[in-house]
Colleague: 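Before we start, here is the structure in question, set down as structure tokens.
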Amino acid sequence: MDSYSSSAFGGGGGGSMSSSQKEQVLQELRSQIALANAQELMQKMSEKCFKKCIYKPGTQLDNSEQKCLAMCMDRYMDAWNTVSRTYNARLSREHSGGGLQ
């Protein structure tokens, strides 16, 4: 482990982190994960909707392609949000209930 990793996570090199420092590192990690998830969502949505809706790539989208893309992206986002809410609810239940049931 390098010196940054050792000192940043309490593994030596000058003591452990305070609780506020740990919380700051965790918050930064959460932000990076959220950004990576958003980027993955956009990439997958673009790939899937492009394959579904664009039949003849060109310099412009025709009316039907625009409508198809809008509907596809809306459905994809709705599905993503439903899965996210369900997953978060399950995590909350498991956390408050003490584990899997």
Side-chain angles (χ1 to χ4, degrees):
M1 199 180 304
D2 61 19
S3 62
Y4 174 75
S5 297
S6 295
S7 62
F9 295 104
S16 62
M17 295 171 57
S18 70
S19 61
S20 65
Q21 289 171 319
K22 288 178 185 177
E23 186 58 38
Q24 186 177 7
V25 169
L26 286 174
Q27 185 57 42
E28 178 63 29
L29 184 59
R30 287 182 195 113
S31 295
Q32 289 177 5
I33 291 170
L35 178 61
N37 284 337
Q39 289 172 334
E40 179 183 12
L41 169 65
M42 292 302 297
Q43 179 187 2
K44 286 185 176 184
M45 183 172 56
S46 296
E47 287 173 8
K48 290 182 184 300
C49 292
F50 184 87
K51 286 179 184 176
K52 177 179 173 39
C53 298
I54 309 300
Y55 301 107
K56 49 180 172 73
T59 58
Q60 291 183 325
L61 298 174
D62 66 28
N63 229 12
S64 65
E65 290 172 331
Q66 289 178 15
K67 287 178 184 176
C68 181
L69 282 172
M71 289 174 44
C72 179
M73 293 172 83
D74 285 345
R75 283 194 307 268
Y76 200 92
M77 290 295 292
D78 287 344
W80 178 275
N81 288 331
T82 300
V83 169
S84 294
R85 279 193 304 272
T86 304
Y87 179 70
N88 287 331
R90 180 177 175 186
L91 286 179
S92 293
R93 278 194 315 270
E94 289 175 1
H95 180 69
S96 65
L100 293 173
Q101 296 179 10

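Computed from a predicted structure; not experimentally measured.
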Colleague: Taking atom SG of Cys72 and atom NZ of Lys48, what is their separation to the nearest 0.5 Å?
Modeller: 9.5 Å
Colleague: Is a salt bridge present between Arg90 and Glu94, judged by a nitrogen-to-oxygen distance below 4.0 Å?
Modeller: yes
Colleague: Does Ser31 reach the side chain of Gln27, with side-chain heavy atoms less than 4.5 Å apart?
Modeller: yes
Colleague: Taking only residues two or more places apart in sequence or in another chain, which ones pass salt bridge (Lys or Arg N to Asp or Glu O under 4.0 Å) with Arg85?
Modeller: none
Colleague: Quick one: do the Glu28 and Gln24 side chains pair a donor with an acceptor below 3.5 Å?
Modeller: no
Colleague: Could you tell me the separation between the CG atom of Leu61 and the NZ atom of Lys56, rounded to the nearest 0.5 Å?
Modeller: 9.5 Å
Colleague: Taking the hydrophobic residues Ile, Leu, Val, Met, Phe, Trp and Tyr, and joining any pair whose side-chain heavy atoms are under 4.5 Å apart, which ones share a cluster with Leu41?
Modeller: Met42, Met45, Met73, Tyr76, Met77, Trp80
Colleague: Apply the test disulfide (SG to SG under 2.5 Å) to residues Cys53 and Cys68: give CA-CA distance (whole Å), side-chain angles for both, the deciding distance (0.1 Å), then the verdict.
Modeller: CA-CA 6 Å; Cys53 298; Cys68 181; 2.0 Å; yes
Colleague: Just how far is it from atom CG of Asn88 to atom CZ of Arg93, taken to the nearest 0.5 Å?
Modeller: 11.0 Å
Colleague: Strictly distance-based, threshold 3.5 Å: is any side-chain N or O of Gln32 a donor or acceptor partner for the main-chain N or O of Leu29?
Modeller: no
